[in-house]
Number of protein chains: 2
Amino acid sequence: MLRQATVALVDDLVNPGCLRHLADACRVVSVGKRGGCASTPQAFIERLLVAEALRGERVVRLKGGDPLVFGRAGEEIAALRAAGIAVEVVPGITAGVAAAASAGVSLTHRNHAPGVVFVTGHRQPGGEAPRWDVLAQSGLTLVVYMGMAETHNIRSGLLAGGLAGDTPVLLVQAASSAGERRVATRLCDLQTAIAAEQLGSPCVMIIGDAMMQVLQDWTPVENPAGVQSATGALGKAA
Amino acid sequence: MLRQATVALVDDLVNPGCLRHLADACRVVSVGKRGGCASTPQAFIERLLVAEALRGERVVRLKGGDPLVFGRAGEEIAALRAAGIAVEVVPGITAGVAAAASAGVSLTHRNHAPGVVFVTGHRQPGGEAPRWDVLAQSGLTLVVYMGMAETHNIRSGLLAGGLAGDTPVLLVQAASSAGERRVATRLCDLQTAIAAEQLGSPCVMIIGDAMMQVLQDWTPVENPAGVQSATGALGKAA
């Protein structure tokens, strides 16, 4: 599919190695929403997808992670179908799954959780915030995306919902990238650990007893400020 | 990684095409839990993994879907680490994500759901059933695995928890295989649709307003008994 594309619209979080599979003649358009440049509006991306396809181009839209989990592919698919253009979706590895794989920990260990939740911590414009109190009672492993600006609300909502303060949390910054960093902590220490380890976005938080083994195997290290903490940083997995 | 393996332990649901990447000299052991043969006990698989690795073999464990989502990889990783054996996990595409991709529908469309739940419908021996009443209140898309024997409890639990009877449901049997079948229905009609379409395991149920578009695009067809129903069967996506 990549080899046959004549136009590729590429997000910032796409691994550059993927681009090697495109044909030399393929036109590559960067439409990322991160980084130093101004972000590309979603409506612009949808118009460009449709316009290029109607011109007869074979268009590939490359996203990091999985396009159907927080990827806004639903809106892009709807725009293309409305224009009568056929769409095929190739699934990918969402950041929470990549993070669990590099830590070597199951998201649904049968002794701990009968399932896993992937939820955005970012309140949608005009939308409702996730029901942290309800999720606290689900008994499932919680994987929170885009939550770094909402750690106070997430922590307090989960505690208010009855989740124990000593519930293990695995924080994974830039999962599956060369710069991946992992930190294990507990729910009550969430903000302290993020500050001490200077973690930033993109970062997934994996919350639940399924992370117990990661926390138990954790080696406390001195944090950058020289204060001994109950958390520490691991490098990229071998 | 597949090319370097000297022993491969392979589940039944693994696409046979994957085996083509193994070296000719690699020994392939089928350890599936389905099909006509007696199932392989989990403890046997774990002992075999450890024994072959300790003998110096490079062992690959091939599973369908993602190993960290209902794959029991947690137990296998624990057994290997306890024996001092290094483990690397390669993530995969879990059935719920594959099902959404072939239907071309987002699991987390921002207008419908701030997240998605992957949960087993199968009650663990000695474990607790998922809290369907709680999940009904989560506002998230629900993807239920291994739930075909529990459809009565799932439907009644979700309705009791407040989920509307007309909530859209997408049923996907044998997702991403050559025999994939998709059926759209509503929560209140769940069992009727499964019976009318003669769906069987493995089948994921994707429940939530994010499936609205799939249901709206649905073309009712005559069911096998010749009775007009509100559901219909789609073939494999092109």
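Sequence lines set the chain letters: A, B, ... in the order given, protein chains first and strands last, and positions in each chain run from 1.
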Could you look at Gln213(B) and say if it's the side chain, the backbone, both or neither that has a heavy atom under 4.5 Å from chain A?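 Interface part for Gln213(B): neither.
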
Heavy-atom proximity to chain A below 4.5 Å, by part of Val69(B):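 Both backbone and side chain of Val69(B) come within 4.5 Å of chain A.
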
Glu75(B)/His109(A) under side-chain contact (heavy atoms from CB on, under 4.5 Å): CA gap, chis, key distance, verdict: CA-CA 8 Å; Glu75(B) 292 152 82; His109(A) 195 292; 3.8 Å; yes

Just give me the residue among [options] that pairs up with chain A most often, heavy atom to heavy atom, under 4.5 Å.
options                                 : result
Ala98(B), Ala113(B), Gly104(B)          : Gly104(B)
Val119(B), Asp66(B), Ile93(B), Val87(B) : Ile93(B)
Gly74(B), Gly115(B), Gly71(B), Pro91(B) : Pro91(B)

Measuring heavy-atom distances to chain B, does Val105(A) have an atom under 4.5 Å in its side chain, in its backbone, in both, or in neither? backbone

Pairs involving residues 145-154 of chain A, ordered by first then second residue, that meet side-chain hydrogen bond (donor to acceptor under 3.5 Å, both in side chains) (sequence neighbours left out):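 Sorted result for residues 145-154 of chain A: Thr94(A)-Tyr145(A), Glu150(A)-Asn153(A).
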
Is the number of heavy atoms from other residues, nucleotides or ligands within 6.0 Å of CZ (Arg58(A)) greater than 12?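 Not more than 12 within 6.0 Å, no.
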
Does anything in residues 132-143 of chain B get under 4.5 Å of chain A by heavy atoms, and if so which residues? Val134(B), Leu135(B), Gln137(B), Ser138(B), Leu140(B)

In Å, rounded to the nearest 0.5 Å, how long is the span from CG of Leu68(B) to OG1 of Thr108(A)? 8.0 Å

